**Q** 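Pasting a structure below so you can have a look.
All residue numbers refer to positions in the sequence shown, counting from 1. On a predicted model such as this, the values are computed, not experimentally measured, just so you know. We use all heavy atoms of the structure for the numbers below, so side chains are in, but hydrogens, waters and symmetry mates are not. Indexing begins at 1, ligand by ligand and atom by atom, following the structure's order.
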Amino acid sequence: MSAPPFHKILIANRGEIALRVIRACRELGIRSVAVFSDADARAVHVREADEAVHVGPAPSSESYLVGERIIDAAKQAGAQAIHPGYGFLAEREWFARAVRDAGLVFVGPPAEAIAAVGSKTAARTLAIKAGTPVVPGTTTALKDAAEAGRIAEEFGYPILLKAVAGGGGKGMRMVRQKSELASALDSARREAKNAFGDDAVYVEKFIERPRHVEIQVLGDMFGTMVHLGERECSVQRRHQKMIEEAPSVAVSPELRTRMGAAAVAAAKAAGYVNAGTCEFLLDASGNFYFLEMNTRIQVEHPVTELVTGIDLVHWQLRIAAGERLPFKADIVPRGWAIECRITSEDTANGFLPSTGTIGYLHVPAGPGIRWDGGIEAGSEIGLYYDPLVGKLIVHAASREAAVARMHRALHELTITGIETSRDFHLRVLEDSEFQRGAIDIQWLERRLPELVSAKPPADVERVAAITAALIAERHRLAPHRATGGTGAAADTAWLQAARTDGLR
Ligand code: MV4
């Protein structure tokens, strides 16, 4: 085995991504240091790491977001580098700089590259210079509504007002006609100021019903930059992706080559190093437009790993340690991968966060299955952090086979103690439009009412009815006996179901 890139690193994150990085460390012979808050003292990532350092109380603003504490923990543990995962401190320019100033390696791009694409107008300017197509619009902040009006006339309505410091849809307003412009500008500014402390707003032409397609890039310190193809991320709700796949039904090999070259050019222009993602909108005519660059490992990175055979977290670590990328020819995706984000949300009740203790966890297995999770039986799911409890990822020879495999895997997945998005994902996979790949960024929200009220297949109801009858029978024979693990509340619900079904 070749020498490890580092001997010890600290992982400034929690949950599934912390575990993902810990696993990569173990494979590469690197010692891992976890950090944890009060709420995570018994979390899986803490147990699986070689060492763990407590960094504060449950709220992330007092623990996972306190850069100084985390850097101190790294120094105290003798770590050489910090992997930020995604979220938390991953895309904070000041953190990347502080890590470097502390004499440690930030496993990610240089602070300067984070800054270069952090401003959306600066990123657009860079992309244009690199020859990467961007959405028609401005590259400077708007002065006032009059200027916005002139620009809107030039590009034609509808337009989108976007926060210069933005990303993820905050501070974004669609304007269909001139009369709405002034008030939309006010509210976009207010929201941008609140979210980013900067009320600068610019204009883009609104692209109707596009897909969200992103390109994974990987660059080393010696100027080599490659793309690893696209991910289709259109299935999302309120800017939260739910299902991602690689490749995309809308991307031909020829389009992949062009989008890949455009992404590589934009990333090079930003002085980018390490793993990054260029987000594009792809319209129904096959035109693509650069939106923004994400300077982190993304939640959905596994679908790219499965179709390319390249371990992105391994390469993040090797690049950060100064290794050269060995890839020469273009990487061609093999087969099809799909990821479902399993969240602790009650999809039948407006996706309300669900809390509780995991009672039982059965993870699917068999051909082509990967589970990137951060929970186990006994894990407490609270309200302090993101509702993502795990990612179910499948790989198969074709899209059709991958859809069938994901359905089979979701069927096997059992999580008790909390509500999860598992059943909702099953309904999406059964949808004929999804099965045809006829999706765009509004598809899920358009279909949400039917998908959340869809009945489970008949066999599930039959099994439930039989179970209700058995529980009712057991209750009648021994009403005083303990309920045997299903819990008193659950038994009451089943008994009621049995009664209403006339199964007594
Ligand atoms: C757009 C757009 C349509 N036209 N820009 C949303 C978040 C941010 N990343 C950019 N976003 C959009 N920008 C133009 N000119 C539509 C969206 C958008 C979107 C983009 C990707 C994934 C999901 C989305 C959901 C709603 C709107």
**Q** Can you sort out which atoms of ligand 1 are near Phe206, meaning under 4.0 Å from one of its heavy atoms?
**A** 3 (C), 4 (N)
**Q** Which option, Gln236, Lys241, Lys205, Met172, owns the non-hydrogen atom nearest atom 15 (N) of ligand 1?
**A**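 Nearest heavy atom to atom 15 (N) of ligand 1 lies in Lys205.
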**Q** Give a yes or no on whether the ring-centroid distance for Tyr385 and Tyr64 is below 6.0 angstrom.
**A**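 Tyr385 vs Tyr64: aromatic centres under 6.0 Å.
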**Q** Is there a donor-acceptor contact under 3.5 Å from the side chain of Glu305 to the main chain of Leu312?
**A** yes
**Q** For atom 4 (N) of ligand 1, which of Ile207, Leu291, Val203, Leu444 has the closest heavy atom?
**A**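 Among Ile207, Leu291, Val203, Leu444, the closest heavy atom to atom 4 (N) of ligand 1 comes from Ile207.
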**Q** Assess whether a salt bridge exists between Arg258 and Glu254, defined as any Lys/Arg side-chain N lying under 4.0 Å from an Asp/Glu carboxylate O.
**A**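 Salt bridge flag = yes for Glu254 with Arg258.
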**Q** Touching ligand 1 at all, Lys162? Heavy atoms, strictly under 4.0 Å?
**A** yes
**Q** Looking only at atom types and distance, does a side-chain atom of Arg176 sit under 3.5 Å from a main-chain N or O of Tyr157, one as donor and one as acceptor?
**A**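 Not confirmed, Arg176 side chain does not pair with Tyr157 backbone.
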**Q** Output yes when Arg124 and Glu292 qualify as a salt bridge under the 4.0 Å nitrogen-oxygen rule, no when they do not.
**A**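 Result for this pair is no, no salt bridge flagged.
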**Q** Taking only Lys NZ, Arg NE, NH1 and NH2, and the carboxylate oxygens of Asp or Glu, determine whether Arg150 and Glu147 approach each other closer than 4.0 Å.
**A**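 Not counted as a salt bridge, because no side-chain N and carboxylate O are separated by less than 4.0 Å.
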**Q** To the nearest 0.1 Å, how far is atom 16 (C) of ligand 1 from its closest protein heavy atom, and which atom is that?
**A** Ile441 CD1, 3.6 Å
**Q** Identify the closest protein heavy atom to atom 9 (N) of ligand 1: which residue and atom is it, and at what distance?
**A** Glu292 OE1, 3.2 Å
**Q** Can you name the atoms of ligand 1, numbered from 1 with element, that are less than 4.0 Å from a heavy atom of His212?
**A** 21 (C), 22 (C)
**Q** To which protein heavy atom is atom 7 (C) of ligand 1 closest, and what is the distance rounded to 0.1 Å?
**A**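 Closest protein heavy atom to atom 7 (C) of ligand 1: Gly169 N, 3.4 Å.
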**Q** Could an N or O of ligand 1 be found under 3.5 Å from any N or O of His239, whether backbone or side chain?
**A**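 No, since none of the N or O atoms of His239 sits under 3.5 Å from an N or O of ligand 1.
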**Q** Quick test of your reading of the model: are Asp40 and Arg14 salt-bridged, counting only N-O distances below 4.0 Å?
**A**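 Judged by the 4.0 Å cut-off on N to carboxylate O distance, Asp40 and Arg14 do form a salt bridge.
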**Q** Are Gln442 and ligand 1 in contact, using a heavy-atom cut-off of under 4.0 Å?
**A**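 It does not; every heavy atom stays at 4.0 Å or beyond.
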**Q** Any salt bridge linking Glu180 with Arg173? Criterion: basic side-chain nitrogen under 4.0 Å from a carboxylate oxygen.
**A**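 No, no charged N to carboxylate O under 4.0 Å.
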**Q** I'd like to know if Glu279 contacts ligand 1, where contact means a heavy-atom distance under 4.0 Å to any ligand atom.
**A** yes
**Q** Run the numbers for me: atoms of ligand 1, each under 4.0 Å from some heavy atom of Leu160, listed by number.
**A**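 So the atoms of ligand 1 that pass are 1 (C), 2 (C), 3 (C), 4 (N), 5 (N), 13 (N), 14 (C), 15 (N).
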**Q** Going by an N to O cut-off under 4.0 Å, is there a salt bridge joining Glu244 and Lys241?
**A** no
**Q** Indicate yes or no: does an N/O atom of Glu204 lie under 3.5 Å from an N/O atom of ligand 1?
**A** yes
